[in-house]
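In what follows, chains carry the letters A, B, and so on, assigned in the order in which the sequence lines appear, proteins first and then strands, with residues in each chain numbered from 1.
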Amino acid sequence: MEKVKISFKLNGENVTVETPPNKRLLDLLREDFELTSVKEGCGEGECGACTVILNNEAVTSCTVLAPQVDNCEVVTVEGLGKDGELDKLQEKFIEEGAVQCGYCTPGMLLSAKALLEKNPHPSRDEIKTAIEGNLCRCTGYKKIVDAIEASIEE
Amino acid sequence: MLVRGKGIGCMWYGIGNTGLPNPAAAFVKVHIDGSVTVLAGCADIGQGSDTVLSQIVAETLGVTFDKVYIKSGDTEATPEGGATSASRQTYISGNACHFAALEAKENIVKVASEILKCDEEEVVLINNTAYKNGCEDKTITYKEIMLGLKSRGLLAIGKGQFNPSASALVENMQGIPYATYAFATHIAEVEVNTETGEVTVLKIVAAHDVGKAINKKNVEGQIEGGCLMGMGFALSEKLIINNGHMKNPDFNSYIIQTAQDMPEIYPIIVEEESGEGPFGAKGVGEPALIPAAPAIINAIYDAIGIRFTHLPLTADVVLDAIKKKEETK
Amino acid sequence: MKEFNVIGKNVIKKDAVDKVLGKAKFAADMKLPNMLVAGVKRSEVPSGKVININAEKAKKVPGVVSVLTYKDIPGENIIGIINKDEPILVEDKIRRIGDAIAIVAAEDESTLEKALELIEVEIEETQGVFTIEDALKEDSPKVHGDTNILAEKILKRGDVDAAFKKCDVIVENEYSTPVIAHMFIEPEATLANYEEGIITFYSSTQNPHYDRGEVARMLGITLNRVRSVQATTGGGFGGKLDISTQCHTALLAFYTNRPIKMVRSREESMKVSSKRHPHYMKFKTGATKDGKILATDVELLQDTGAYGSYGLAVITRSMVHAQGPYEIPNVRIRAKMVYTNNPMSGAMRGFGVPQVAIGHEGQMDALAEKLGIDPVEIRTKNCFQTGSVTATGQKLVDSIGIYETIKKAADKAEQIMDKEGK
């Protein structure tokens, strides 16, 4: 299959890559950029483990094709935090005990980040709505919601 | 109409394999700089056993948590820990790590007593230091003790193993299946929509006797996760199998709980210490799930007077039962 | 109470930093130079006989490096955590949808998919058994050997029949619980490598030492030649206690001398990983009019599907716990676990106890209602205390916190529920 050339901003850096047009964004990030924080849980956009921020929106990267991000901006967990410091959300996830197996964690962080960028003071219900597409089988969500809440109160 | 009800569910749970040997082992080494390596077979699957085992070793040796590095679940490096199942790892691998740390501590205490010029029984090890009991102002560091070991040609290493004192179940299944049991009670409050049959869980109070909570946040995390898995068991989860064919093998049609379903959860930790457990600890992983579904079913009865006995209680099932009940009135 | 320095403290979880940074390596995230990807050709029928496997076309696809069947297993072709009854690769008998027939290693995913499609498997479909009732019929097809009963057990203490005659109230109910899936978010995966006579594999697993044993027996080599490493594991809940991708990847690595990675899709994971045993339960429980339970009589039927997995642990544990956390002097628990051609049931968080708890807790409330006493009261009145004797004859000596949990939960519920509730 003929490859297409795409350019986009990935975690703040301009990148250009040649990719088969039917390659999923999930695979592009994991294989071509070795960003293995982006996890595959279902391949059908149901579990949210592969969530990334695409032009300020949280999306499941398994349902996006690579050419669709041409000229766009993509953020993964590797792009959170600055100068080697943890993002406040990451800090609070650790402090509040929101991390168990960790497989949903990157996607969960990015859904929360996308919410906070748009709505810096969300209610508890708004937080729950923002992460309802991110499934977690370990925590019961409570400490995740607590962590997101704690990251805004300060 | 929205009707509320409240219900209770209780459980008991034997820690470890039923009436069978299920040992675990660990190695502990204290290094010359006072840092510690733990080698334990126990697989951490996210529940936090690496953390809990490190806490047990740190407490036993009198070092801070950050000094402990744990390597787990590698057959070339770690002794057997048995399965991460049966809510057994805190209790069984926890004891193995505790005993390994105690053995590693023997030479440390011996040398510390020589440096501090006191009896071994008088040595207090805490926060990477040691002092003679009652003389807290005269401390020596762990590093000093370890150099003392070096100059005497001694090492601080330990092995530990533990197998719970259970016995085989013989005639009519009589015997001692488990050395210790965890206990729990959940009370759930639900709201039933009598027009749609939909059940919303509003609150769950979850009291768990875990023996001793080595790590409170980890215990709460297990309880909260268990509550939501229990809600799924009661209300939504069912694999449809038709002549061996699975009809819903995906997240789209097999419904687990989302953040939107989360009720207010109130974990209560009860600590009835177990004589054999490490620092009195038992287990919580599976107990966390068990009482939630019965509490929800009993709460639904309290709300609408229908006693359900076949799971799951999806909205259509509940609505059908409500209609049947109205018809027979 | 003794003061602790580290115990009981909320320290930073050892794995949390790597996990929030996305640096924790799950098996699917790992790779090695020259690595191949692998997959499994599986049965699409629940019951049958393999007549012929033809992999010639698949082998000819450029980029396909290895196609293996049961004939290529140098050691034993049988696994199982308690009773060994599951072939690593089917020899002749198909027992469920998803039985592994052949495995393929290829240079990339699309070549792998093509090869799997090109493997021709001729199967003569046979009549299967799909319900416990059918499985128990004398003339039913047998999933293994000459009976579909994996286990039949009785737990007995006291005399339930005599005790029921002394009861003022008796409640009888039937209960059932469905097949449940673990739904860990990370599907199973393994990366295996064979180097210098040592087979090493990194897996998503709950029991690396068990995995080592099964791989060693399959390859016919000693345990010290096998290194099993648990990769960061994305949840398990009992569903990663069985062998998943370990044996298949190890076998391919052994033959190809190249690193092999196998990652299950969600659908594959759902179809072939173990499930919670569905239970069909009858409970008969009797008490005196002052609310003391005298007897409970329980019958359990459990479907373990095509293979035993952890079934033998589930039947025993469910029976031992079926009385609930209550002191009952007369107990009889009878249970049967059967094979069918349904998906395999095994370990899932609670090993049969969540199922029987639906029964014993339903009974407690039904009894309370009949007796006109409060559901909390009937529980505090009957719950275990120090010195209580269980149905297995065990005297409980310490750490019996059930009463305390009931009281504390009831007190808290009183505070937070009754005000806003009904």
Side-chain angles (χ1 to χ4, degrees), chain B residues 4 6 8-12 18 41 43 45-46 48 50-51 55 58-59 65 73-76 80 83-85 126 172-177 180 183-185 187 189 205 207 209 211 214 217 237-239 241 243-244 246 249 256 266 268 270 272 274-275 279 286 289-290 294 298 309-311, chain C residues 6-7 10-11 13-14 46 97 128 130 155-156 173 175-181 183 206-209 212 227-230 233 235-236 241 267 270-271 316-317 320 325 341-342 347 349-350 353-354 357 361 365 375 379 392-394 398-399 401-402 404-406 408-409 412-413 417 421-422:
Chain B
R4 286 187 180 185
K6 140 176 129 151
I8 181 171
C10 296
M11 74 106 230
W12 63 318
T18 314
I45 55 173
D50 280 355
T51 304
Q55 285 180 270
E59 186 73 49
F65 177 71
D74 178 342
T75 63
E76 201 170 78
E80 297 207 21
T84 293
S85 73
I126 191 165
N172 289 324
M173 289 176 67
Q174 297 297 295
I176 313 286
T180 194
F183 299 92
T185 299
I187 297 180
E189 184 181 25
V205 174
D209 170 20
I214 304 289
K217 273 216 156 68
E237 295 184 36
K238 179 185 187 172
L239 270 176
I241 317 283
N243 284 344
M246 197 178 283
I256 70 168
Y266 304 85
I268 297 171
V270 173
E272 293 280 338
S274 162
F279 299 98
E286 291 158 295
L289 157 85
I290 298 165
N298 288 336
T309 54
H310 303 283
L311 295 185
Chain C
V6 193
I7 297 295
N10 289 326
V11 296
K13 208 160 166 274
K14 286 279 180 198
I97 287 172
F130 303 106
L155 187 161
K156 214 160 63 173
N173 284 300
Y175 299 85
S176 71
T177 62
V179 184
I180 297 284
M183 286 304 200
Q206 295 179 239
N207 196 349
H209 284 81
R212 174 182 65 174
R227 180 183 177 201
S228 166
V229 187
Q230 185 216 4
T233 299
L241 285 164
E267 185 174 340
M270 283 288 273
K271 287 186 170 169
T316 314
R317 188 180 279 272
V320 169
N341 296 105
N342 287 323
R349 202 177 193 177
V353 183
E361 290 307 280
D365 268 33
R379 286 171 171 85
T392 68
Q394 180 177 8
D398 79 336
S399 193
I402 181 64
E404 195 72 6
T405 65
I406 297 171
K408 288 213 159 123
K412 183 75 184 173
M417 288 178 185
K422 55 184 223 174

- Could you tell me which portion of B:Tyr266 (side chain, backbone, both or neither) has an atom closer than 4.5 angstrom to a non-hydrogen atom of chain C? side chain
- Task: Among B:Ser274, B:Ser85, B:Gly73, single out the residue with the greatest number of heavy-atom pairs under 4.5 Å to chain C.
- Result: B:Gly73
- The reported gap from OG1 in B:Thr185 to CD in C:Glu361 (rounded to nearest 0.5 angstrom) is 8.0 Å
- With respect to chain B, which residue among C:Gly235, C:Gly350, C:Gly393, C:Pro375 yields the maximal number of heavy-atom pairs within a distance under 4.5 Å? C:Gly350
- Can you name the side chain to side chain donor-acceptor pair (under 3.5 Å) partners of B:Asp209, sequence neighbours left out? B:Lys282
- Task: Pick whichever of C:Pro325, C:Ala347, C:Pro46 has the most heavy-atom pairs under 4.5 Å with chain B.
- Result: C:Pro325
- Message: Would C:Val353 and B:Glu286 count as a side-chain contact (heavy atoms from CB on, under 4.5 Å) here? Give the steps.
- Response: CA-CA 9 Å; C:Val353 183; B:Glu286 291 158 295; over 6 Å; no
- Heavy-atom nearest pair, C:Ile406 first then B:Cys10, reads CG1-SG, 3.9 Å
- Task: Please determine, among C:Asn341, C:Thr177, C:Asn173, the option with the most heavy-atom pairs under 4.5 Å with chain B.
- Result: C:Thr177
- Verify, without hydrogens or angle tests, whether C:Lys13 (side chain) and B:Gly46 (backbone) share a donor-acceptor contact under 3.5 angstrom. yes
- Turns out that what part of C:Arg379 lies under 4.5 Å from chain B's heavy atoms comes down to side chain
- Task: Report the distance from atom CG of B:Asp74 to atom CZ of C:Arg212, rounding to the nearest 0.5 Å.
- Result: 10.0 Å
- Task: Considering only heavy atoms and a distance below 4.5 Å, find which of B:Ala58, B:Gly41, B:Gly175, B:Gly275 pairs most often with chain C.
- Result: B:Gly175
- Item | Contact winner vs chain C - B:Glu237, B:Glu80, B:Lys217, heavy-atom pairs under 4.5 Å | B:Glu80
- Query: Checking B:Ile256 against chain C: side chain, backbone, both or neither under 4.5 Å from a heavy atom?
  - Reply: side chain
- Quick check: does any side chain N or O of B:Gln55 sit under 3.5 Å from a backbone N or O of C:Val6, one acting as donor and the other as acceptor? yes
- Item | Side chain B:Gln174, main chain C:Lys156, donor-acceptor under 3.5 Å | yes
- Contact leader toward chain C among B:Gly211, B:Pro177, B:Gly48, where contacts are heavy-atom pairs under 4.5 Å: B:Pro177
- Task: Mind checking the CG-CD spacing from C:Asp398 to B:Glu272? Nearest 0.5 Å is all I need.
- Result: 9.5 Å
- Query: Quick one: of C:Lys412, C:Met183, C:Lys271, who has the most non-hydrogen atom pairs under 4.5 Å with chain B?
  - Reply: C:Met183
- Task: For residues B:Ile187 and C:Ala413, report the shortest heavy-atom separation together with the two atoms involved.
- Result: CG2-CB, 3.7 Å
- Looking at C:Lys14 and B:Thr51, what are the two nearest heavy atoms and their distance? N-OG1, 2.9 Å
- Query: Are the side chain of C:Gln206 and the backbone N or O of B:Thr84 linked by a donor-acceptor pair below 3.5 Å?
  - Reply: yes
- Message: Would the distance check show the side chain of B:Glu59 and the main-chain N or O of C:Ile7 forming a donor-acceptor pair, the cut-off being under 3.5 Å?
- Response: yes
- Message: Given heavy-atom pairs under 4.5 angstrom as the criterion, report whether the side chain, backbone, both or neither of B:Ile8 touches chain C.
- Response: both
- Task: May I ask you to name which of C:Val11, C:Val179, C:Thr233, C:Leu241 has the most heavy-atom pairs under 4.5 Å with chain B?
- Result: C:Val11
- Please report the closest heavy-atom contact between C:Val320 and B:Trp12, naming both atoms and the distance. O-CZ2, 3.2 Å
- Message: Need one label for B:Ile268: side chain, backbone, both or neither, based on atoms under 4.5 Å from any heavy atom in chain C.
- Response: side chain
- Max heavy-atom pair count under 4.5 Å with chain B, selected residue of C:Gly128, C:Pro354, C:Ser176, C:Pro208: C:Ser176
- Query: Would you say C:Thr392's side chain and B:Ile176's backbone share a donor-acceptor pair under 3.5 angstrom?
  - Reply: no
- Honestly, the part of C:Phe130 sitting under 4.5 Å from a heavy atom of chain B is side chain
- Message: Given heavy-atom pairs under 4.5 angstrom as the criterion, report whether the side chain, backbone, both or neither of B:Ala83 touches chain C.
- Response: both
- Taken in chain and number order and not counting sequence neighbours, the residues that satisfy side chain to side chain donor-acceptor pair (under 3.5 Å) with C:Ser228 are none
